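Right, one structure below, let's go through it.
Here the structure is a predicted model, which is why all the values come from computation and not from measurement. In what follows, chains carry the letters A, B, and so on, assigned in the order in which the sequence lines appear, proteins first and then strands, with residues in each chain numbered from 1.
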Amino acid sequence: LGADTQTTDPTRVLRFPNTINQKNQVRATVDIWNNIEYELSTLYSYCTPVEKIKKSRRKKKREVVTLPPAKGLVDLYSLNTKKKDDLELLVTLRSGQMVGYRNTCLYTYCFTIALIVKEQKSTIVFARQLNEKFNEPLLIKEVQETAKSAHKDASTFFKAFSDNKYTMYGLARDLIKPEKASTIIRKLDISSEERQQMRFLIDDVIRQNRNTELVREKRREAGVKSRTEYEANERAKTQSKVDLLHEAIETNPTASIRKLAEITGFSKSVVQRLKSQL
DNA sequence: GTGGAACGTACTGCACTGGC
DNA sequence: GCCAGTGCAGTACGTTCCAC
């Protein structure tokens, strides 16, 4: 956003929009904006990792110790952010034509949002924003009720999740949990073309293909040659042996395979095979 | 002794799977 | 998402056996 990327002091990370960074003359811009207002305490509750200021005996130096957040919590935030983006993308891809899926979509969206922003008020704001993207929006009252219900369910889940040390194992069966990608795909009839553009709402085949592509990229980065290149190299090696054998035969036209093996230094079986390629 | 075929093995890249 | 394990396919090689 135009802020100084070298800044590591937490109190100087934020740069206000439209202000100019005197260091590099870059104007701070805004990529995302909404009208939600947050309490400082609320913002602090979103922050992960949690920071704890360690007081030093010396007045001037105060050390900031960063405590790593629970992995389960990080995963939850990460997955919910992707899920939220995918649901918004779905509405965009369908040009707002969500009749028949509006309530399901809105509830899932609100449940997801509630796990990110925590506050009921903010959840309702997000819900209304999504609803406005529908070609045939639901009534405001209906949106508010759905958002409140989803927020309540999400809060109950988060409390249990938190008490369970941020793991899903061992949670009560009747507890309403975040829906799996496959469930949302089924409920909202998300097509394979739509899934191709998603990050979270994807099926096993897409996940597998993306993983395969990722692993392949890593192999290339590690300097591993592609199968085609590898095989071409092997064939080139063989061809040079064939050439060597060809020369040996021209010099010794009557030599047997065993004799040619002695001359070239190849084994008998290698000469045998190379000869068939001449 | 010779040429050739069959078999097992090694190496490599790759795709896929399951556990964490 | 990461990683280890597994199996497959392509290529090459060595050993063994057999017919001539």
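If you measure from atom CG of A:L274 to atom P of C:dC13, you get 7 Å, rounded to the nearest angstrom. Nucleotide B:dT2 holds its P atom 11 Å from the CG atom of A:L260, rounded to whole Å.
Residue A:K82 is the one, among A:V270 and A:K82, whose nearest nucleotide of DNA chain C lies closer to the 5' end (criterion: closest heavy atom).
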Protein N or O to nucleotides 4-8 of chain B N or O, pairs below 3.5 Å:
residue	atom	partner	partner atom	Å
B:dG4	N7	A:Q272	OE1	3.4
B:dG4	O6	A:K268	NZ	2.5
B:dA5	N7	A:Q272	NE2	2.8

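Sorted by first and then second residue, the side-chain hydrogen bond (donor to acceptor under 3.5 Å, both in side chains) pairs involving residues 149-159 of chain A (not counting sequence neighbours) are A:Y107-A:D153, A:K159-A:D163.
When the ring pair (Phe, Tyr, Trp, His ring centres under 6.0 Å) test is applied to A:F200, no partner is found at least two apart in sequence or on another chain. When the salt bridge (Lys or Arg N to Asp or Glu O under 4.0 Å) test is applied to A:K148, no partner is found at least two apart in sequence or on another chain. Considering only residues two or more places apart in sequence or on other chains, A:K82 meets the side-chain hydrogen bond (donor to acceptor under 3.5 Å, both in side chains) condition with none of them. A:A248 meets the side chain to side chain contact (heavy atoms under 4.5 Å, CB included) test with A:L260, A:I263, A:T264; sequence neighbours excluded.
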